[in-house]
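One structure is given here, and the rest of the page talks about it.
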Amino acid sequence: MDRINGKDIDLRVRLGGLSLRNPVMTASGTFGYAGEFSHLVDLQRLGAVVVKGISLAPRPGNPPPRVVETACGMLNAIGLENVGLEGFLAEKMEFLREINSRVIVNILGDSVREYGLLAEKLTGVKGVDALEVNISCPNVKKGGVAFGTDPAMAAEVTRVVKEGTDLPVIVKLSPNVTDITVMARAVEEAGADAVSLINTLIGMAIDPASRRPRLANIIGGLSGPAIKPVALRMVWQAARAVSIPVIGIGGIATPEDALEFLIAGATAIQVGTANFYQPRSAESIIDGLAAYLKTQGEDSIRSIIGTLQTEGD
Amino acid sequence: MDRINGKDIDLRVRLGGLSLRNPVMTASGTFGYAGEFSHLVDLQRLGAVVVKGISLAPRPGNPPPRVVETACGMLNAIGLENVGLEGFLAEKMEFLREINSRVIVNILGDSVREYGLLAEKLTGVKGVDALEVNISCPNVKKGGVAFGTDPAMAAEVTRVVKEGTDLPVIVKLSPNVTDITVMARAVEEAGADAVSLINTLIGMAIDPASRRPRLANIIGGLSGPAIKPVALRMVWQAARAVSIPVIGIGGIATPEDALEFLIAGATAIQVGTANFYQPRSAESIIDGLAAYLKTQGEDSIRSIIGTLQTEGD
Amino acid sequence: MPEFQEKAPLLDREVIADDIFRLTLHAPKIAAAARPGQFVMLRVGAGMDPLLRRPFSIHQIDASGNMKILFKVIGRGTAALAGVSPGSSIDCIGPLGNGFSLEKKGRLCLVGGGMGIAPLYFLASRLLQNGKRVDRDFVLLGARNHQELHIVADEFYELGYRVQTATDDGSLGHHGFVTELLDPILPAMERVCTCGPLAMMKICADKAGAADVACQVSLETHMACGLGACLGCAVRNADGGYLHVCRQGPVFDAGEVKWTG
Amino acid sequence: MPEFQEKAPLLDREVIADDIFRLTLHAPKIAAAARPGQFVMLRVGAGMDPLLRRPFSIHQIDASGNMKILFKVIGRGTAALAGVSPGSSIDCIGPLGNGFSLEKKGRLCLVGGGMGIAPLYFLASRLLQNGKRVDRDFVLLGARNHQELHIVADEFYELGYRVQTATDDGSLGHHGFVTELLDPILPAMERVCTCGPLAMMKICADKAGAADVACQVSLETHMACGLGACLGCAVRNADGGYLHVCRQGPVFDAGEVKWTG
Ligand SMILES: Cc1cc2nc3c(=O)[nH]c(=O)nc-3n(C[C@H](O)[C@H](O)[C@H](O)COP(=O)(O)OP(=O)(O)OC[C@H]3O[C@@H](n4cnc5c(N)ncnc54)[C@H](O)[C@@H]3O)c2cc1C
Ligand SMILES: Cc1cc2nc3c(=O)[nH]c(=O)nc-3n(C[C@H](O)[C@H](O)[C@H](O)COP(=O)(O)OP(=O)(O)OC[C@H]3O[C@@H](n4cnc5c(N)ncnc54)[C@H](O)[C@@H]3O)c2cc1C
Ligand SMILES: Cc1cc2nc3c(=O)[nH]c(=O)nc-3n(C[C@H](O)[C@H](O)[C@H](O)COP(=O)(O)O)c2cc1C
Ligand SMILES: Cc1cc2nc3c(=O)[nH]c(=O)nc-3n(C[C@H](O)[C@H](O)[C@H](O)COP(=O)(O)O)c2cc1C
Ligand code: FES
Ligand code: FES
């Protein structure tokens, strides 16, 4: 139960085997390993924290510049810099175990085998509540793109991860595809417990004065409010295509944004870029969801999910 | 030559058989049939006007609401409302012949045959300088989407249009695909004289209070500055994949925006949504391109096209 | 009917109620060309968000090229507009749309609800200027409360119209709907012009229809351009087709419109 | 090192030059925790565009919880910031980053160029507060012209430092690069702290290196979060890896940084 004037407003949701105290998570790569926000955000209020994508070996990431602001959005080409699995377990898990929130580990690999190994090694680690499989990051030339845009490869990764773990497995989809429902169904059939979407759209920016790309990597991932309409459309399509829970991501910054995704059929949502410019976004969304339920005369957030009215005129 | 302090700054570009006094056009559906802007814009300064998409028979369009504002963008689901070919020829062409600018007619059909008929009937019409084939509009369930996302169908439409006309044929691509280069190459091989991209991304918005979609059509096309990074990336990819000219479209509102596309490899650009909120955008872009050339010490816009520097660090 | 784009200096900003403001803009070209019922598209804020212009009725025009708009804060655009301080300029496009009939003959009743009163004042004053006899014409104005209404109601009164008011809270005039004031008056009228919430205009249209009185209504709808280019401002017409509010309207004969809901 | 988020009332806004402004913000928590060289992330504008916060060095702190920032208008964010009027509040997160060494021993030379002078003032005043002897320490300040520099240069002078200036147009002090002032001074120094354009800091670093004088530099880079979360603020380190400016910096020993270009 969420604390709001002591009212019994029930924000709990269930993602396959994973129950959350509310549907508001922080998105991978936008909330570090949670400690970065510990002075600004009441971490234990969050439905879950999804940590920065972890690979087997540490990765240095891309050369700078890595970020650039765009109209109501930003491009990033971080290049999946991360401390690597061992570093993560040694340096980050201790803190994460203490935050009294669900911890979902986002994993990425260059090969199916790496995904499988990551899943195995994270299984049984105290404090890890679920895995989110990043098959969609556009920044690394090797692997990333192909897994996320080819349904067969996405299914293969899903299967191998599922074989390697008994943790709930969320597969995170790339929006850079012709038909998101094909991808969603492919990973559902391969055993995914949930899908999350969207990862970033691939974009680019150029500095006319120097005639150089603004990102050293040339292209990068577009995130923020600019992409919300695309994300919402894909979530709505995916939610109608699969029967596993869908987690909505993309430009969510306010309670109204979150509600759009829940109404479209998302069981939970993730706040990404908004953490950067307004670290308390997730908390204010949690408050706003509870307030909305009151005005709608509902007592459970679950009665909002997927209630889009499309009939009539 | 463009008029700027009498300087010999050469903004002319060539799209296959079509020469333009400058690379700045207005995008289909955002500039009506030009007359709507005649009191606000000096039409004869424009490189070209692309008129609202024309179908064989008039179309009433979608029920309202048809437009909704989003973060740095807008969604539209006009539903390809248009006066139809006969109405266009009878009511609109006379004015368009007088504007002393290139006129490109955007065409759309429900079948390959309709595209072919439109091409035939527009050929030889005085004042029509080129055709732009809209295979990408996401608003009409019948046809639209499939042509724009299936390379074989896109090629088929292109071939039939080319057979029906000796006008330069520009094929307008949809961004809602996994790999834009596949589409660009398919229509190039089928004979397109140029490609233009991007049409709108498919998006959606919901009103949480009513739990209804904000567009009666549920989904609509996202345009405006929000989509510029995606458009620019696709234009860059397409320009490297094909050898026909590429026309850049998507969120262009300022000279800097236009330059990004030209530097990325576009031979010309189209201004869309910006016409709505700043009708003089195209004119100010033309002025800005000339001014940029001066600061760069170049005298022709053609020496800017495709000059993105990606080597080194 | 040419339209103009002007960077109009903001000369005055009146706070009518907590969330209602009246701006005086110096827009001489637009003011000179404007007819009652027409509107302007204003660019609010400097950045790309909010992106689109916002439509506002032309509320008052004076001989020195000034134009007033009267508006309520609804969302981000109107909030930004309310924050503009005198001395700055606002980018305006107008005058747009068709406008009300300026017929001088016959008794007329203007019915305005909420911000729908804005264009009616311009209509009322232009009719007077044009030499219409207005002392037997009615102006019925509805709002939430006294604060929202009294300033503009007085201005109508000063023109010489018979002004009646209705408020939701009874703090000025009739306690109830403005349309309830229509019944005793309607039989003597030849025309009704109304602007305000759709439900209110529908009641006006129904009553006028039943009494066989002509009725013009001014519609609102989301607009991307205001120029007839985007085709975004469609509303259904009586025959199942569409009307485009920005060019064919915003003023329509009540019979042209499909009244749903 | 906790950081805080405060809605800081804007108490004062000074126009230093056409495009340079100094804001006084009441941000007591940030001010109390701040160390010289640290920065704040400010939210500029209310809407979603510009989207990201902007980083600014903490320029001055006083005992009543006020914090000054000194900035130049570069683009949309700083333009919006320059337009904020006293009485409004600005959403601040800070203090962020590591900060300069507060070593009291040894002679010190501060070298600031352009807006790089901002954090150096906080450093200079804090060192004095901490009891450092500063009358043999130098402050070398460079800018485009007199107007940009003279107010802040005077403030350094009042602290008791030996202040030398250089301007591009010769309107104040040395006509030329500020780094040219370094040569005669450097041999007597134990440490150099510099902030300003990269090219300027590189020259400082090179000269300091050649003279075997310790050198701290404060780097700028695009930042999405300032909190260590986005990993967007990477710069190359001397070993070919990356440094994260927001958490590991913005202040680095010159030797840690890879100096390109
Ligand atoms: C012809 C015409 C004349 C108008 N005259 C007036 C007037 O004189 N005074 C006044 O207070 N209001 C008037 N309106 C309504 C006014 O345009 C809206 O209140 C305003 O656009 C809301 O903008 P926002 O950013 O504050 O709201 P938001 O809800 O944030 O706006 C989001 C989008 O919805 C559109 N929108 C929201 N509400 C309306 C609405 N009621 N009508 C049309 N578009 C809307 C906005 O233009 C914008 O594109 C008029 C509308 C039209 C069509
Ligand atoms: C640690 C740190 C301290 C700084 N302290 C000061 C200071 O005290 N005074 C001052 O005037 N400036 C300072 N800057 C630079 C200042 O942050 C930029 O000038 C400002 O962000 C430009 O924003 P804009 O919207 O006006 O420019 P735009 O060019 O429109 O900004 C677009 C994007 O680029 C980023 N950006 C542009 N220039 C810079 C830059 N030089 N450094 C970092 N990001 C940039 C913006 O933050 C934004 O994300 C500092 C930068 C950093 C990293
Ligand atoms: C700087 C940055 C880093 C990211 N890193 C990751 C990552 O490591 N793994 C991942 O699955 N998604 C990553 N993402 C994608 C986000 O989790 C999210 O899917 C995307 O940003 C869209 O949501 P938003 O618009 O709310 O930011 C990253 C996004 C940003 C902006
Ligand atoms: C209201 C509206 C109507 C449009 N109608 C058409 C159309 O009829 N044919 C077409 O090919 N594209 C149409 N488009 C797409 C634009 O031409 C353009 O490709 C797209 O809006 C992206 O550019 P922008 O971001 O500059 O608007 C329309 C766009 C808008 C916003
Ligand atoms: S608002 Fe664009 S056509 Fe009417
Ligand atoms: S700015 Fe985000 S990690 Fe440094």
Side-chain angles (χ1 to χ4, degrees), chain B residues 26-41 49 51-53 58-83 139 214-216 220 223-226 228 251 253-254 257 272-280 283, chain C residues 1-7 29-30 33 41-55 74-78 91-96 198 219-237 239-247 249 257-258 260-261:
Chain B
T26 54
S28 179
T30 67
F31 208 66
Y33 304 100
E36 293 83 347
F37 287 84
S38 61
H39 296 109
L40 301 172
V41 175
V49 167
V51 300
K52 175 70 188 162
R59 294 190 186 215
N62 286 332
R66 291 181 174 186
V67 292
V68 54
E69 194 181 61
T70 66
C72 291
M74 63 176 279
L75 287 167
N76 87 78
I78 306 302
L80 298 175
E81 172 178 347
N82 78 92
V83 295
N139 292 334
R214 289 195 190 267
L215 296 171
S223 64
K228 194 186 73 175
T254 68
D257 297 336
T273 301
N275 296 311
F276 299 154
Y277 60 90
Q278 197 51 272
R280 284 185 193 142
E283 282 180 89
Chain C
M1 299 172 299
E3 51 281 325
F4 303 96
Q5 182 170 2
E6 296 189 86
K7 277 232 174 286
K29 290 181 195 161
I30 295 173
M41 293 290 284
L42 303 189
R43 188 119 168 79
V44 294
M48 287 177 288
D49 184 66
L51 188 72
L52 300 174
R53 288 171 186 263
R54 301 294 193 254
I74 299 291
R76 295 178 314 137
T78 44
D91 183 343
C92 308
I93 294 179
L96 301 167
L198 203 63
L219 299 186
E220 281 187 12
T221 180
H222 287 214
M223 292 183 171
C225 73
L227 300 168
C230 73
L231 307 181
C233 61
V235 296
R236 283 184 194 284
N237 71 14
D239 310 328
Y242 297 110
L243 299 166
H244 290 103
V245 174
C246 78
R247 277 278 155 125
V257 178
K258 178 170 174 194
T260 41

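Per chain, numbering begins at 1; letters A, B, ... match sequence-line order. Predicted model only: the values in this text are computed from it and were never measured.
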- With chain B, which of C:R76, C:H222, C:R43 has the greatest number of heavy-atom pairs at distances under 4.5 Å? C:R43
- When the 4.5 angstrom heavy-atom criterion is applied to B:T70 and chain C, the contacting part is backbone
- Message: Under a 4.5 Å cutoff for heavy-atom pairs, which residue among B:M74, B:E69, B:E36 has the most contacts with chain C?
- Response: B:E69
- Quick check: does any side chain N or O of C:D239 sit under 3.5 Å from a backbone N or O of C:G241, one acting as donor and the other as acceptor? no
- Note on the structure: Of all heavy-atom pairs linking B:V41 and B:P279, the shortest is CG2-O, 3.2 Å
- Item | Pick from B:V67, B:N82, B:N275, B:V68 with the largest number of heavy-atom pairs that fall under 4.5 Å of chain C | B:V67
- Query: Between the side chain of B:R66 and the main-chain N/O of C:C230, is any donor-acceptor distance below 3.5 Å?
  - Reply: no
- Between C:V235 and B:P64, which heavy-atom pair has the shortest distance, and what is it? CA-CG, 4.0 Å
- Pick one of side chain, backbone, both or neither for B:P65, based on which atoms fall under 4.5 Å of a heavy atom in chain C. neither
- Most contacts with chain B, counted as non-hydrogen pairs under 4.5 angstrom, among C:C233, C:G240, C:P50: C:P50
- Are B:Y33 and B:K52 close enough, and set up right, to give a side-chain contact (heavy atoms from CB on, under 4.5 Å), and what steps lead you there? CA-CA 6 Å; B:Y33 304 100; B:K52 175 70 188 162; 4.0 Å; yes
- Identify the heavy atoms of B:L75 and B:G220 that sit nearest to each other, and give their distance. CD2-O, 3.8 Å
- Item | Proximal component of B:F37, with respect to chain C [non-hydrogen, under 4.5 Å] | side chain
